[in-house]
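Notes to accompany the following structure.
Computation of the quantities below employed the complete heavy-atom set of this structure, encompassing side-chain atoms and omitting hydrogens, waters and symmetry-equivalent molecules.
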Amino acid sequence: MGRRRTSPSKISRPESISARGVRSVSGHHQSGGAVSEDINPALQGQGWVSTVQKMRRDGRLYGAWRALKQTLLSASMKWAPPPGSGELAQEAASWLNEMFGFDGNAGTMRRPFERQLESMLEFIPLGWRYAEVDYQRQPDGAWGIAEFLDCQPSAHHQWLPLDGRGPLEGIRQLDPSGSFGLNSEDVPASKLLLLTLNQEGDNPEGFGLFRPCWFAWNLKQFTFDQMGIGVERSASGIPTAELDRAELSERQRFEDAEIDGVPTDDSLSIKEQVEEAIANVVAGAEAQIVTYKGVSFSMIFNDAFKPERLRAVVDLANEEMLTVFLNAFLMLGLSSSGGSYSLGETHKDLFSETALNLLQQVVQTIGGPAGPGTGPVGRILDWHPRFNRLPHGERPTIEITGLDTASFLAFLQTLPALGAAGFATPHDALERWILRKGGAPDLPDGMGRPPEERLAKDSISAALMRGQRQP
């Protein structure tokens, strides 16, 4: 079938398209400042915040999230100017490193940035989290960042504007008492650092990593509840009562039985008294039962309880949660279908790449252009009397090292073969790249060497290029 061709005259030209603003809608549902993308109350708004808090108490999910979070926190970061930028960009990078405490600096923030990053990363399981950006004067007199003040999602009340139309204008929180009142204040978007995972359209709440795990987690909780009921019935038994109708006459209700005008327990039927006595014993309120002639008690034990059947469901739920959470490498060696070294390395590389992407989202939100809930560093650079002249393409960005060590070490192993084939020449640029990837400081001034010296017969570089060990 031939390809359909469109006549050039039928293609809309930019000048023929009306420019009367944006007409489309993003599609996310928001009313009264609350996002309602899911019909289940436990999966939206404050219901989802509460659910995530419960899911964090699950041992498997907590271990998976902790492994990912520790990987993210193990990274090294520093501000660096783009390649080929001038002295002003270098100065801006140094100024930011002094502020954030990167690259060996003490930092000027109230708390170390690494401690603040711990709270920021909690947006990953939930899907969103924000912090209020507090500013202060730096030693040079310019405005800088004092602290990213973490805001608990449980204190969130509404997104502004309330109808969700247009860009984010701010947020409205509950007051310290947990209610919305006169002490509640709106925080403008220009003072927010909003982190959203898997955002679609204008939805500020995104789609967290715990959300796909919810079904398996909920099934696990239900199964544990059933196991608890089975254990209780199997160990304690079910109390029963047998009423002998031949012994008990129809005169079981004494409606006129009163003492000083107050009805006694005898006003209850024998059947009702037996049910109340059993309920008190089961609840632990009583340790004995007063019985009547014609009433006998016994216990039924559930010998058919098979906990291994329910345990299989729990194991399936655990495996599903870890698989969905991209932590399949944690299962290697624990099942009969995996555990090889090559498979483990594959999962490890995938995990490292996923962690790197998540951390990149955080640093891009911090260091990008100023906008609603984004770009606090871009904002302070705009305020700076000298650095505001830097174009956006020449402004410093955060370099992340320490997460992709596996691919870096694999490359180092290929250097001897590349050098022997003439594809790699030892020079200052290559050495600087290796140092930067390894997280080591750059070459000090005056430490560079010409290629001839590096390729001297007794040099380490020459031995590396020949694939030999240095004696």
| field | Residue pairs, two or more places apart or on separate chains, that pass side chain to side chain donor-acceptor pair (under 3.5 Å) and touch residues 360-380 | value |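 Not a single pair qualifies under side chain to side chain donor-acceptor pair (under 3.5 Å).
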To the nearest 0.5 Å, what is the distance between [atom1] ([X]) and [atom2] ([Y])?
X: Leu316; Y: Met321; atom1: CG; atom2: CE; answer: 10.0 Å
X: Ser85; Y: Leu390; atom1: OG; atom2: CG; answer: 8.5 Å
X: Arg211; Y: Gln44; atom1: CZ; atom2: CD; answer: 10.5 Å
X: Phe102; Y: Met77; atom1: CZ; atom2: CE; answer: 4.5 Å
X: Glu114; Y: Met109; atom1: CD; atom2: CE; answer: 10.0 Å
X: Gln158; Y: Ile171; atom1: CD; atom2: CD1; answer: 10.5 Å

| Asp382: what forms a salt bridge (charged side-chain N to carboxylate O under 4.0 Å, His left out) with it, not counting sequence neighbours? |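 Applying salt bridge (charged side-chain N to carboxylate O under 4.0 Å, His left out) to Asp382 gives Arg395.
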What pair of heavy atoms forms the shortest contact from [X] to [Y], and how long is it?
X: Pro376; Y: Leu193; answer: CD-CD1, 4.0 Å
X: Asn97; Y: Asn105; answer: O-CB, 3.6 Å
X: Leu194; Y: Pro204; answer: CD2-CB, 4.1 Å
X: Trp48; Y: Pro125; answer: CZ2-O, 4.2 Å
X: Arg57; Y: Gln53; answer: CG-O, 3.6 Å
X: Ile400; Y: Ala75; answer: CG2-CB, 3.8 Å

| task | May I have the step-by-step check of side chain to side chain contact (heavy atoms under 4.5 Å, CB included) for Val377 and Leu96, ending in yes or no? | result | CA-CA 9 Å; Val377 168; Leu96 290 172; 3.9 Å; yes
Who passes ring pair (Phe, Tyr, Trp, His ring centres under 6.0 Å) against [X], sequence neighbours left out?
X: Tyr135; value: Trp383
X: Phe148; value: none
X: Phe210; value: Phe325
X: Phe387; value: Trp95, His384

| Of all pairs that satisfy salt bridge (charged side-chain N to carboxylate O under 4.0 Å, His left out), the ones with a partner from residues 143-152, not counting sequence neighbours |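 Of all non-adjacent pairs touching residues 143-152, those that pass salt bridge (charged side-chain N to carboxylate O under 4.0 Å, His left out) are Arg110-Glu147, Arg111-Glu147, Arg129-Asp150.
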| query | Do any pairs count as a salt bridge (charged side-chain N to carboxylate O under 4.0 Å, His left out) and have a residue in residues 86-95, sequence neighbours left out, and if so which ones? | reply |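 Only Glu91-Arg386 qualify under salt bridge (charged side-chain N to carboxylate O under 4.0 Å, His left out).
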| request: Using side-chain hydrogen bond (donor to acceptor under 3.5 Å, both in side chains) as the criterion, list what pairs up with Thr108, not counting sequence neighbours. | output: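 Expected list: Gln138.
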| task | With sequence neighbours excluded, tell me which residues meet side-chain hydrogen bond (donor to acceptor under 3.5 Å, both in side chains) with Lys191. | result |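 Only Glu132 meet the side-chain hydrogen bond (donor to acceptor under 3.5 Å, both in side chains) criterion with Lys191.
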| field | Residue list, side chain to side chain contact (heavy atoms under 4.5 Å, CB included) with Leu73, at least two apart or on another chain | value |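 Applying side chain to side chain contact (heavy atoms under 4.5 Å, CB included) to Leu73 gives Lys69, Gln70, Leu117, Glu118, Leu121.
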| task | Just jot down the side chain to side chain contact (heavy atoms under 4.5 Å, CB included) partners of Pro369, sequence neighbours excluded, or say none. | result |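 Here the qualifying residues are His392.
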| message | Please evaluate residues Asn388 and Leu381 with respect to the criterion side chain to side chain contact (heavy atoms under 4.5 Å, CB included), reporting the C-alpha separation (whole Å), side-chain torsions for both, the decisive distance (0.1 Å), and the verdict. | response | CA-CA 5 Å; Asn388 59 5; Leu381 290 178; over 6 Å; no
| said: Check for me whether the distance between the ring centres of Tyr130 and Phe123 falls short of 6.0 Å. | reply: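 When the ring centroids of Tyr130 and Phe123 are compared, they turn out to be at least 6.0 Å apart.
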| After noting the C-alpha distance and the side-chain angles of Asp58 and Met55, does the key distance pass the side chain to side chain contact (heavy atoms under 4.5 Å, CB included) rule? | CA-CA 5 Å; Asp58 181 272; Met55 294 177 71; 5.7 Å; no
| query | Do Trp159 and Glu205 meet the criterion of a side-chain donor-acceptor pair at a distance under 3.5 Å? | reply |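 Result is yes, a qualifying pair exists.
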| task | Go through the steps for Gln46 and Ser154 under the test side chain to side chain contact (heavy atoms under 4.5 Å, CB included), then give the verdict. | result | CA-CA 7 Å; Gln46 285 301 315; Ser154 58; 4.3 Å; yes
